[in-house]
2 protein chains.
Amino acid sequence: MLPLASQRSPKPEDLPSELSGLRLTKQRREVLAVILQERDHPTANDVYLRSQNRMPSISLATVYNCLEALVSHGIVRQVNFEREPSRYCPNLADHCHFQDQNTGKIHDVFFKEGVKLEDFLDLPQGTEISHLEISLKGNIGH
Amino acid sequence: MLPLASQRSPKPEDLPSELSGLRLTKQRREVLAVILQERDHPTANDVYLRSQNRMPSISLATVYNCLEALVSHGIVRQVNFEREPSRYCPNLADHCHFQDQNTGKIHDVFFKEGVKLEDFLDLPQGTEISHLEISLKGNIGH
DNA sequence: AAATAGAATTAGAATTATTCTAAAATATCT
DNA sequence: AGATATTTTAGAATAATTCTAATTCTATTT
Ligand SMILES: [Mn+2]
Ligand SMILES: [Mn+2]
Ligand SMILES: [Zn+2]
Ligand SMILES: [Zn+2]
């Protein structure tokens with residue numbers, strides 16, 4: 001995420017034409033810019049609606065295609081809460097997600113410094129974790 | 001889960017007529033017995049197919065209704081992996097789930113003795129977690 | 001036991017997030 | 001330019017789940 005860390009909300013045209021081996025087409029740049037702009041973990045449909053501001057001709061199928069391309073190249077993360085529509089997160093740091101049940105808003109939650117999985121989970125001997133998802137729900141203070 | 005802990009795979013007729021404030025109808029008992037029988041985290045459709053052995057007339061809608069009733073009364077847990085169909089788990093102990101990517105099988109994973117959430121997560125001050133789901137994917141040593 | 005009322009079951013339709021298909025547009029290569 | 005590969009697009013298809021409305025079952029009251 002080095003090229004993206006330099007700016008918080010790059011405009012589409014500020015994004016490079018290639019990233020992590022993925023060619024950034026006009027639509028992919030727009031989708032990525034939308035996700036970087038408001039880091040509120042939008043759904044595919046949210047991304048679609050927001051993309052339409054600058055690119056009214058983009059299709060929902062393209063948004064799905066772009067999201068799939070960005071996720072599979074490790075440029076954005078797909079975030080799931082139970083059976084709700086997937087959401088998308090540009091924060092590549094190791095973190096998990098908390099949904100405030102009052103507002104519905106999703107917040108990034110980080111691991112305590114230096115914590116390893118095996119420190120708190122009794123994993124079967126020899127397991128190699130390739131994917132981890134932690135989703136929390138609850139309320140903030142009384 | 002006291003009444004259920006006494007027997008590993010009770011037949012439907014061995015189950016009580018009420019549990020955690022939920023009346024256990026014939027169908028609910030069948031669904032629960034199926035989930036207790038093979039603890040392999042079946043999907044709703046798996047439960048439907050297995051229920052048909054002893055109860056050929058049960059409908060899929062009823063299976064969904066029963067699962068919803070059992071989950072909302074805290075008798076079984078709903079388990080989600082990304083966007084796959086929900087699975088159901090009768091293990092009420094605090095645990096999470098690991099999916100072996102070679103076999104597709106799901107294994108229960110327990111927390112290390114005495115570990116608290118705040119020990120490894122940097123939660124915002126004053127958050128009360130009401131729901132937690134941890135899903136792991138990976139491979140078991142070569 | 002019959003009547004009543006409430007709850008649960010059922011078949012089938014509806015919903016909805018996501019994926020697929022096939023054609024048109026765009027980009028890359030020779 | 002012409003050929004090839006990739007991407008976008010609209011619309012159809014898919015599939016897990018939920019909903020609707022009718023029927024059946026259960027528990028309670030007369
Ligand atoms: Mn993921
Ligand atoms: Mn849950
Ligand atoms: Zn995030
Ligand atoms: Zn489990």
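Worth knowing before you read on, the calculation uses all heavy atoms, side chains too, and leaves out hydrogens, waters and symmetry mates. Below, read A as the first sequence line, B as the second, and so on, with proteins coming before strands; counting in each chain starts at 1. Note that the structure is predicted; figures quoted are calculated from it, not measured.
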Query raised in the report: Do the side-chain N or O atoms of A:Q27 get closer than 4.0 angstrom to the phosphate oxygens (OP1, OP2) of D:dT9?
Result: yes
Requested in this report: For B:N65, answer base if it contacts any base atom (sugar-phosphate contacts may also be present), sugar-phosphate if it contacts only those atoms, and nothing otherwise; contact means non-hydrogen atoms under 4.0 Å.
Outcome: base
Query raised in the report: Atom CG of A:N45 and atom P of C:dT18: how far apart are they, to the nearest Å?
Result: 9 Å
Query raised in the report: Is any side-chain nitrogen or oxygen of B:S59 closer than 4.0 Å to OP1 or OP2 of C:dT9?
Result: no
Report task. Answer with base, sugar-phosphate or nothing: what part of the nucleic acid does A:S57 contact at a heavy-atom distance below 4.0 Å? Result -> sugar-phosphate
Report task. Could you check how far CD of B:Q52 sits from C1' of C:dT10, rounded to whole Å? Result -> 13 Å
Query raised in the report: Salt-bridged, B:R50 to B:D40, with N to O below 4.0 Å?
Result: yes
Query raised in the report: Taking only N and O in the side chain of B:R23, is any of them less than 4.0 Å away from OP1 or OP2 of D:dT26?
Result: no
Report task. Remember a base hit wins even if backbone is also touched, and classify B:S86 as base, sugar-phosphate or nothing at under 4.0 Å, heavy atoms. Result -> sugar-phosphate
Report task. Grab the CG-P distance between B:L22 and C:dA7 for me, whole Å please. Result -> 13 Å
Query - Nucleotide of C:dT19, D:dA16, C:dT9 approaching B:P85 most closely (side-chain heavy atoms) - result: D:dA16
Report task. Measure the distance from CD on B:E68 to C1' on C:dA7 and round it to the nearest whole Å. Result -> 15 Å
Requested in this report: Check whether any side-chain N or O of A:T25 sits under 4.0 Å from OP1 or OP2 of D:dT6, and answer yes or no.
Outcome: no
Query raised in the report: Can you tell me how far P of D:dT17 sits from CD of A:E84, to the nearest Å?
Result: 14 Å
Report summary line: note: A:I58, atom CD1; D:dT9, atom C1'; distance rounded to Å ~ 10 Å
Report task. Check whether the side chains of A:S135 and A:E82 place a donor and an acceptor atom closer than 3.5 Å, and report yes or no. Result -> no
Query raised in the report: Is the closest side-chain heavy-atom distance between B:Q27 and B:S51 below 4.5 Å?
Result: no
Query - Protein-nucleotide distance (B:E30, atom CD; C:dT9, atom P), rounded to Å - result: 12 Å
Report task. Kindly say if B:Y64 contacts the phosphate of D:dT17, meaning a side-chain N or O under 4.0 Å from OP1 or OP2. Result -> yes
**Report entry** Lys/Arg N to Asp/Glu carboxylate O, B:R87 vs B:E38, below 4.0 Å
**Finding:** no
Query raised in the report: If you pin B:R83 and B:L60 to their nearest nucleotides in DNA chain C, which one's is more 5'?
Result: B:L60
Query raised in the report: Heavy atoms, side chains only, cut-off 4.5 Å: are A:P90 and A:R39 in contact?
Result: yes
Query raised in the report: Out of C:dT10, C:dT18, C:dA8, which has the shortest distance to the side chain of B:A61?
Result: C:dT10
**Report entry** Atom-to-atom span, CD of B:E18 to P of C:dA8 - whole angstrom
**Finding:** 11 Å
